[in-house]
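Whatever order the structure lists them in is the order used to number ligands and atoms, beginning at 1.
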Amino acid sequence: MALIRLQNIGKIYVSEGNVAVGIRGVNLSFHRGEFVAITGKSGSGKSTLLNVISGMDTYEEGELYVNGEATSHYLQKDWEEYRKKYISFIFQDYNIVESFTVLENVELALMHIDDRRERRRRAMELIRRVGLEGHIRHKGSQLSGGQKQRTVIARALAKDSPILLADEPTGNLDSQTSKEILALLREISHDKLVIIVTHNFDQVEEYATRHVRIFDGAVESDHILQNVEEKEETAPVDVYENLANKAGRALKNGTLLGWVRFKSKPKLSFFLTVLLCLAVLAASLVTALSGEAYALFEKRYMFTPMEGRTVIARKDGAVMTGEELKALASKVGAKEYWQNDYLLDYTLSKYFPDYGTFLEFVCEYDSELVPDVGRLPEKVNEVMLSLPIGMQPYFGKEELKEEAFSGAFIGIDYTVVGVHYFYDNTKPAKLIFTEEGYRFASFAAIYDSMRYSSGVSATLLVSESFSGGGSASHSLPFNMDSILVSFAMEPGTYGVLGTSFDDPMASFRENAEKDADYRYTVTGEMTGRYTEKGYEGYYDYPIYYADVEIGPGQDKLIRKSFEGYRYCDELPNDVQLSPSYDYGNSVLVVSPDLWVDFMENYNAVTYTQASLFFQDDEEAHGKIELLRDLGYVAVTSDSTVEADGYEMILAVLTSLFAAVSWLLAMVFIALFLNLCSGRAMMASSGDVAIMRSMGIPVRVIRISVYVQTLFSLLPAFFVSAAVFILIYLFPETNRFFMFLHAREYIFVALGVILIALLMSRRFVRKLFGNSVKKALKGEAEK
Ligand code: ADP
Ligand code: MG
């Protein structure tokens with residue numbers, strides 16, 4: 001049985017209304033061991049014949065039998081399979097992969113050899129045989145016509161397939177080299193079918209076993225020159241079988257090929273990389289900008305959610321005493337209670353002039369934190385900042401940049417003693433106090449929040465006695481804004497800080513200087529008026545979300561005299577007005593303990609809320625009924641506030657808008673990418689056609705295209721990572737970027753990978769849509 005049998009084969013070319021006969025009525029049989037020379041005039045159909053035999057071009061008439069099997073029903077992929085098993089082709093116009101080196105071109109055909117060293121050895125041997133050992137590292141584009149020819153001959157020989165087809169293989173070689181090459185072809189033809197098209201029969205005559213003349217598309221003559229021993233045809237060994245017979249192998253070889261392709265076209269790779277960098281950056285920016293829009297959907301809590309926390313108030317709106325709370329806690333099985341819990345739900349805004357930024361702080365006490373800079377707070381007026389890592393460029397990591405934390409709560413001056421960083425940029429900053437400091441801050445914050453519904457004022461009473469006899473008394477008033485708590489004051493003291501304009505004590509001091517017997521004493525009292533009459537509820541005061549009924553006309557006056565405290569004539573030097581406060585005239589300065597003393601009295605009649613802490617949220621939920629039965633309003637801290645209708649509509653609309661714009665932006669990025677890379681990628685379509693013609697499995701080539709893209713993406717990720725680090729180092733830009741989670745960056749990265757892969761897929765589809773011959777001619781580009 002013949003290896004190849006053509007029966008009445010006809011091939012017609014139709015192009016733009018022209019019909020040309022390629023070959024017609026060809027009947028030929030070829031066997032293994034034959035060395036066939038085909039001659040004929042230019043345009044007679046020799047190349048067409050080879051193309052049909054090689055399966056690179058289709059035929060319209062007749063039947064081509066391979067090992068007795070008909071092929072007229074073959075589809076594109078069957079031809080790919082056929083070429084893979086049977087064909088090595090030496091093209092008239094070389095079809096060398098121009099961007100690959102000689103070595104890479106030859107090794108391409110040796111991909112089925114797993115061992116790298118063996119592969120290299122075989123490639124070198126073949127290259128030596130065609131006399132190119134001096135050019136192994138030269139790229140295809142740098143070679144002369146003859147050198148290209150020799151490269152593709154070595155490549156064709158590398159694939160040890162049963163049929164070797166050569167279209168004018170020596171057309172560009174000098175006669176000496178031609179002879180050597182022909183001898184080489186003859187040598188390997190003993191167990192192969194070699195068909196050579198040539199216009200120079202004399203050159204081939206001494207090797208050929210058969211001579212076929214073509215004229216005008218038909219066989220003119222067919223002479224046997226030497227008898228060839230007929231061999232039993234067996235199914236050929238599929239040399240490239242192991243290239244893609246398993247997914248793992250296809251992946252391995254595809255990756256290898258993709259890598260060679262990536263590095264062999266540095267300009268294209270660089271271009272793709274830059275493009276993909278831009279895409280990754282643009283996608284990140286777009287994502288960062290649209291991220292805010294979904295915040296409206298986030299759960300909103302009535303209170304700061306804390307495990308096991310329940311906020312309570314009495315149904316009658318009365319204030320709870322400490323004893324009452326303690327008893328209640330043990331009765332309902334709470335492990336802890338917090339009487340003045342206001343600070344738990346409080347956020348403190350602070351402007352940092354040195355950094356030009358506002359920060360919102362949640363207040364806590366947590367001695368477990370390890371400071372990154374400085375130390376933990378030890379005193380009542382010391383705080384540590386616990387900040388998202390994105391703030392590190394502002395606040396530094398070696399030393400404290402701004403130590404004063406003034407103006408927090410009614411003008412109290414704090415000192416920042418440390419900074420701690422945590423890694424979630426979407427969480428709020430925290431102000432860490434000592435436990436005692438936290439209690440103090442609670443009082444201050446409660447008072448701050450109530451200053452709209454209440455008023456604190458102080459009155460100093462000065463009694464004078466003169467040496468000449470007689471006495472007088474005066475009262476000096478101070479309102480809320482002229483009372484200052486100072487940590488510089490000794491405990492148990494108070495005093496007056498006068499400005500140059502108006503020091504109410506000045507005249508008394510003058511008298512004291514003049515009159516040796518002159519005495520004056522200062523006593524005083526602080527009053528706080530707390531009124532809830534007609535009060536509608538200050539939004540930041542959480543208990544008003546619950547249905548507490550406030551008794552009509554509650555109006556309480558808290559009075560605390562300065563008994564037991566000492567009046568200071570000489571204030572410590574560092575008692576100063578905070579620059580952020582403009583007190584105008586004179587100010588009453590009190591020591592922190594005096595303030596706490598007063599606030600305890602004040603809260604004892606005004607603060608109607610408290611928090612109980614249970615083991616966990618579940619237990620807290622279980623205790624709600626019991627607390628209600630005992631006469632309390634109780635809300636667990638994980639209870640959420642529902643958005644009302646309008647808010648919901650707004651939330652849906654904004655997020656919809658954000659989602660659509662995000663999608664549009666991504667589509668735009670994808671289109672832009674496609675537009676820019678499409679042409680660049682198609683420029684390598686010729687190489688792909690060459691690999692197909694060689695019989696490299698489509699699967700492997702396909703993977704190599706994806707891999708090439710991914711290799712271009714890799715640097716894109718490094719570059720964008722570098723850009724994000726730069727952004728991080730320049731805090732002004734953090735406004736856009738710092739509030740993205742790492743998972744969002746990953747999301748963006750995956751998105752871009754997906755876009756790149758889809759692009760590659762489109763490219764792959766285009767590449768394999770055409771027959772190899774058309775692809776080789778560059779028709780795939782259209
Ligand atoms: P040879 O290799 O013997 O020079 P070919 O096989 O290339 O001849 O061409 C045979 C005939 O087919 C010629 O008339 C040529 O013009 C025509 N032909 C070959 N390829 C094409 C094609 N792609 N489109 C149209 N006509 C073609
Ligand atoms: Mg030709």
Salt bridge check, [Y] against [X]: does any charged N sit closer than 4.0 Å to a carboxylate O?
X	Y	answer
R129	E187	yes
D687	R261	no
D216	K41	no
E125	R121	yes
E107	R122	no

Establish, from distance only, whether the side-chain atoms of N67 and Y86 form a donor-acceptor pair under 3.5 Å.
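Present: a donor and an acceptor within the cut-off.
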
Show the atoms of ligand 1 that are less than 4.0 angstrom away from any heavy atom in [X].
X	result
S42	4 (O)
V21	11 (C), 12 (O)
T48	5 (P), 6 (O), 9 (O), 10 (C)

Residue pairs, two or more places apart or on separate chains, that pass salt bridge (charged side-chain N to carboxylate O under 4.0 Å, His left out) and touch residues 193-211
E34-R210, K179-E206, R210-D222

Do I195 and L164 make a side-chain contact, defined as non-hydrogen atoms from C-beta onward lying under 4.5 Å apart?
no

So between H199, K46, E16, K11, whose heavy atom ends up nearest atom 3 (O) of ligand 1?
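The nearest heavy atom belongs to K46.
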
For [X] and ligand 1, does the shortest N/O to N/O distance drop below 3.5 Å?
X	result
G45	yes
S15	no
G43	yes

Mark the output for G40 as yes if a heavy-atom distance to ligand 1 is under 4.0 Å, and as no if none is.
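It does not, in that no heavy atom of G40 comes within the 4.0 Å cut-off of ligand 1.
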
Judged by non-hydrogen atoms, does K41 sit under 4.0 Å from ligand 1?
yes

Please determine whether T48 has a backbone or side-chain N, O or S atom lying under 2.8 Å from the Mg ion (ligand 2).
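Looking at T48, which is the residue asked about, there is no N, O or S atom under 2.8 Å from the Mg ion (ligand 2).
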
Quick one: look at L49 and ligand 1, take heavy-atom pairs under 4.0 Å, and tell me if it's side chain, backbone, both or neither.
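Neither part.
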
